[in-house]
Amino acid sequence: MDPRRQRQRAGGPLGPTTRINRASMNRSIPDILFERLQAAAATAFGPDVALDRAWLRSTNDPKFGDYQFNGALPLAKQLGAKPRELADKLKDALALDDLCAPPEVAGPGFLNLRLSTDFLNRYLQEVPPADPASEYDRLGVAPATQPDKVVVDMSSPNLAKEMHVGHLRSTVIGESVARILEFAGHDVERVNHVGDWGTQFGMLLAHLRATQPQALGDLDHLAISDLEGFYREAKQHFDSDAAFADEARRTVVQLQGGDPETLRIWRAFCAESLRHCHAVYAALDITRLVDRGESFYNAQLADVVDELSQKGLVEKSEGADCVFVEGFKTREGEPLPFLVRKSDGGFLYATTDLAAARFRIRDCGATRVIYVVGLPQKQHFEMLFAVLRKAGWAHEGVQLEHLGFGSMLDASGAPFKTRAGGTVKLKNLLDEAVDRARIVVEAGNDDPESVRGQLSAADRAHIAETVGIAAVKYFDLSHNLSTDYRFDWDHMLALDGNTAPYMLYAYARIRSIARKAGVDFASLPADAPITLEHESEIALAKAVARFPEIVASLVRDLRPSLLTEYLFELSRSFSRFYDRKLGVRVIDAEPESLRISRLRLCDLTARVIHTGLQLLGIPTIEKM
RNA sequence: GCGCCAGUAGCUCAGGGGAUAGAGCAUCGGAUUUCUAAUCCGACGGUCGCAGGUUCGAAUCCUGCCUGGCGCGCCA
């Protein structure tokens with residue numbers, strides 16, 4: 001039996017107007033309110049008047065209530081009436097007694113809605129417990145009824161080199177987006193479209209043959225500790241030794257020609273490079289990434305161009321095969337071609353992208369493909385999508401999105417480089433994050449009586465690792481996707497402000513309340529009533545209750561910064577709630593029913609923070 | 001030249017048709033015999049790059065301009 005149904009029954013008799021039906025429990029508060037507004041509008045203005053969902057929004061000032069409906073203003077024009085009169089009529093037709101205080105018409109015609117504590121009590125009380133068998137604590141949010149098959153194209157480093165800071169954003173944003181869509185109930189595949197093919201591999205394999213002949217006999221154990229250094233050596237070898245350069249070019253031909261021995265070395269090299277990548281992914285807590293590099297599509301490239309030709313989309317231009325799409329121009333104002341085959345017969349990045357998209361849609365059944373790739377490639381994806389549509393590979397039921405993002409800059413606003421001007425290895429950056437986090441975490445109060453004073457060395461190491469990585473991820477995700485941002489260690493590791501250390505501490509502190517109170521949050525009676533009294537706990541309850549609507553906006557807009565902002569607000573609400581001066585007592589609250597209610601509110605807050613951070617790809621820690 | 005992204009408080013950034021534009025940091029002031037002081041409250045601080053336009057209403061949408069970054073055929 002559905003546990004949610006069971007508890008609702010246990011919740012006791014609710015009158016017909018105060019009853020929240022089971023379906024509504026899974027819905028966001030604005031969804032519930034909007035339904036009422038629609039019903040009221042039908043009564044007040046007739047069935048033909050359609051309301052726009054965007055007219056209902058949360059207020060930006062508590063004095064206007066919690067939600068405001070602004071529809072009277074646009075409707076005034078449509079219906080030829082005065083906005084305030086319409087708002088009054090709507091208010092009179094509105095049946096909201098079970099949800100809100102009596103609505104108020106304010107300003108030019110805003111309808112202000114303030115949630116009642118009664119409703120909040122019930123809304124939160126009916127949040128189902130986490131299902132231990134499920135990856136995500138759903139917190140009452142229903143999964144999508146029509147799941148998409150989503151491919152998230154993310155990370156995608158070049159296997160010829162080490163992952164560098166330029167791969168951080170795609171990896172971190174891609175993971176978060178994947179989790180958000182997973183949480184929403186979609187079938188998500190994270191694809192690592194690695195660069196595992198191309199001329200530079202000729203150079204690398206030739207260099208490997210020249211410098212480590214012994215390794216060729218035992219390719220299963222090929223180990224290159226410093227890939228970046230290896231690449232530099234190979235490049236130098238190539239530039240300084242003409243005979244070697246010829247050898248490198250011959251190796252490219254062998255590789256492309258399918259020479260088994262060369263392929264064997266190539267495979268071993270890619271495997272070793274991927275091991276480096278996955279060490280970084282492990283540090284970043286990214287586990288379900290499918291490595292499907294460019295070479296996977298090699299055998300499909302000729303067919304892609306053939307099919308485009310058959311469809312009459314290919315034109316020869318200066319010896320190359322091109323598809324022309326309307327609306328794109330070159331520097332000189334000529335039509336800009338989308339090159340799919342070079343004049344020498346070779347294929348390009350664009351060809352591989354076409355093949356990959358076709359494969360994902362046609363062979364994997366993807367209904368949505370999201371490319372988490374930097375903003376500079378925006379035009380490339382616009383053209384790619386246009387060609388995919390023209391070719392019919394992306395039919396109407398398929399959603400294609402380029403989720404572009406800005407660059408990471410250093411603290412002075414310059415491109416992020418080492419002192420010597422080279423690229424910064426992602427691994428080094430993450431190591432530094434953990435080192436710096438260790439210093440932050442070990443600083444300050446070390447009283448042996450305190451929680452922190454009793455942490456073991458292993459605990460401390462684990463905390464430093466979690467906080468360091470979380471700081472980097474959270475800082476990235478808390479920025480608007482489209483802007484460049486300045487990488488700032490002090491900022492991201494600060495214990496104040498909208499940072500990972502703050503969020504993780506907030507979570508750990510709430511979890512410690514249970515220990516201190518001698519209870520296990522998970523075994524608090526799920527049907528114990530929640531009774532909100534104090535202003536600070538009502539504010540906290542409202543913040544917790546916004547979680548479903550935040551999830552909905554995340555799924556719609558794929559903007560993780562909306563989530564970090566919400567989590568920060570929620571944590572601040574919690575701090576006020578728990579403040580000794582302006583908040584309430586929890587552990588020693590009386591009577592017992594109030595204590596249980598407040599502990600449950602703590603638990604719900606912790607669960608929302610936990611799940612929210614999980615959607616950002618950040619694990620929590622119990623003590624800090 | 002064309003296109004894209006950005007320009008919001010001293011600094012770093014949110015907010016992308018709705019009421020008096022927000023937060024953190026910094027600065028200044030206050031609380032507290034601690035349910036983790038990694039807390040809370042308050043003050044200071046803005047011509048939302050500039051100029052027009054649309055709208056009952058614009059930081060938000062449109063047009064033009066200024067500044068910065070990036071992209072613009074056989075690299076990925």
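Residue numbering restarts at 1 for every chain, and letters A, B, ... go by the order of the sequence lines.
Nucleotide B:rU54 forms a pair with no other nucleotide shown, judged by Watson-Crick or G-U wobble geometry with both contacts under 3.5 Å. When Watson-Crick and G-U wobble pairs are counted only if both distances are under 3.5 Å, B:rU27 pairs with B:rA43. Summarising the base pairing, B:rC2 is matched to B:rG71 through a Watson-Crick or G-U wobble pair whose two defining distances lie under 3.5 Å. Checking B:rU20 for Watson-Crick or G-U wobble geometry (two distances, each under 3.5 Å) identifies no partner in any strand. The pairing partner recorded for B:rC48 is none, the criterion being a Watson-Crick or G-U wobble arrangement whose two distances lie under 3.5 angstrom.
Side chain A:Q68 to base B:rA19: a donor-acceptor pair is found below 3.5 Å. For A:R509 and B:rU36, a side-chain-to-base donor-acceptor distance below 3.5 Å is absent, hydrogens and geometry of angles not being considered. Between the base of B:rC74 and the side chain of A:E318 there is a donor-acceptor pair shorter than 3.5 Å. Donor-acceptor pairing under 3.5 Å, judged by distance alone, is present between the side chain of A:Y578 and the base of B:rC35. For a distance-only test at 3.5 Å, the side chain of A:N112 qualifies as a donor-acceptor partner of the base of B:rA19. Judged by atom type and distance alone, A:K63 reaches the base of B:rU20 through a side-chain donor-acceptor pair under 3.5 Å.
Between A:D476 atom CG and B:rU12 atom P there is a gap of 18 Å when expressed in whole angstrom units. B:rC75 atom P lies 14 Å from atom NE2 of A:H380, rounded to whole Å. Between the P atom of B:rA38 and the CZ atom of A:R572 lies a distance of 17 Å, rounded to the nearest Å.
Using a 4.0 Å cut-off, no side-chain N or O of A:R331 falls inside it from OP1 or OP2 of B:rG1. Residue A:N60 places none of its side-chain N or O atoms closer than 4.0 Å to OP1 or OP2 of B:rG22. Taking only side-chain nitrogens and oxygens, A:K378 comes nearer than 4.0 Å to OP1 or OP2 of B:rC5. The phosphate of B:rA14 has OP1 or OP2 within less than 4.0 Å of a side-chain N or O from A:T483. Proximity of A:K516 to the phosphate of B:rU36: a side-chain N or O atom is located under 4.0 Å from OP1 or OP2. The phosphate of B:rC40 (OP1 or OP2) has a side-chain N or O of A:S575 nearer than 4.0 angstrom. In this model, the phosphate group of B:rC41 is approached by a side-chain N or O of A:R576 to a distance below 4.0 Å at OP1 or OP2. Of the side-chain N and O atoms in A:S482, one or more sit less than 4.0 angstrom from OP1 or OP2 of B:rA6.
Checking B:rC40, B:rG71, B:rG18 against the side-chain heavy atoms of A:P376 singles out B:rG71 as nearest. The side chain of A:R559 lies closest to B:rG15, out of B:rC74, B:rG15, B:rC40. In this structure, of B:rC74, B:rA38, B:rC40, it is B:rC74 that holds the atom nearest to the side chain of A:L339. Taking the side chain of A:F64 as heavy atoms from C-beta on, and the options B:rC75, B:rA19, B:rG69, the nearest nucleotide is B:rA19. Nearest to the side-chain atoms of A:E332 among the listed nucleotides B:rC74, B:rC40, B:rG73 stands B:rG73.
A:A506 comes within contact range of no nucleotide atom at all, as no heavy-atom separation falls under 4.0 Å. Among the protein residues, A:L348 comes within range of the sugar-phosphate backbone only, with heavy atoms under 4.0 Å from sugar or phosphate atoms but none that close to a base.
Counting only N and O atoms by type, the side chains of A:H610 and A:T620 include a donor and acceptor under 3.5 Å apart. Inspection of the A:D353 and A:H380 side chains reveals an N or O donor paired with an N or O acceptor under 3.5 Å.
In this structure, the side chains of A:S482 and A:L375 come closer than 4.5 Å at one or more pairs of heavy atoms.
Glycosidic conformation of B:rG10 is anti; the angle lies outside 90° of 0.
Of the residues listed (A:S156, A:S155, A:S170, A:S176), the one engaging A:V372 in a side-chain contact (heavy atoms from CB on, under 4.5 Å) is A:S170, and it is the only one.
Below 30°, between 30° and 60°, or above 60°: for A:F487 and A:F475 the angle between ring planes is above 60°, a perpendicular geometry. Classified by interplanar angle (parallel below 30°, tilted 30° to 60°, perpendicular above 60°), the ring pair A:Y371/A:F385 is tilted.
For the pair A:F110 and B:rA19, the ring geometry does not qualify as stacking, because the centroid separation below 5.5 Å and plane angle under 30° are not jointly satisfied.
Between A:A411 and A:A350, the residue whose closest nucleotide on RNA chain B is further toward the 5' end is A:A411. With the nearest nucleotide of RNA chain B identified for both A:E294 and A:E622, A:E622 has the one nearer the 5' end.
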Verify side-chain contact (heavy atoms from CB on, under 4.5 Å) between A:R598 and A:V584, making sure each step is shown before the conclusion.
CA-CA 9 Å; A:R598 287 182 178 159; A:V584 297; 3.6 Å; yes
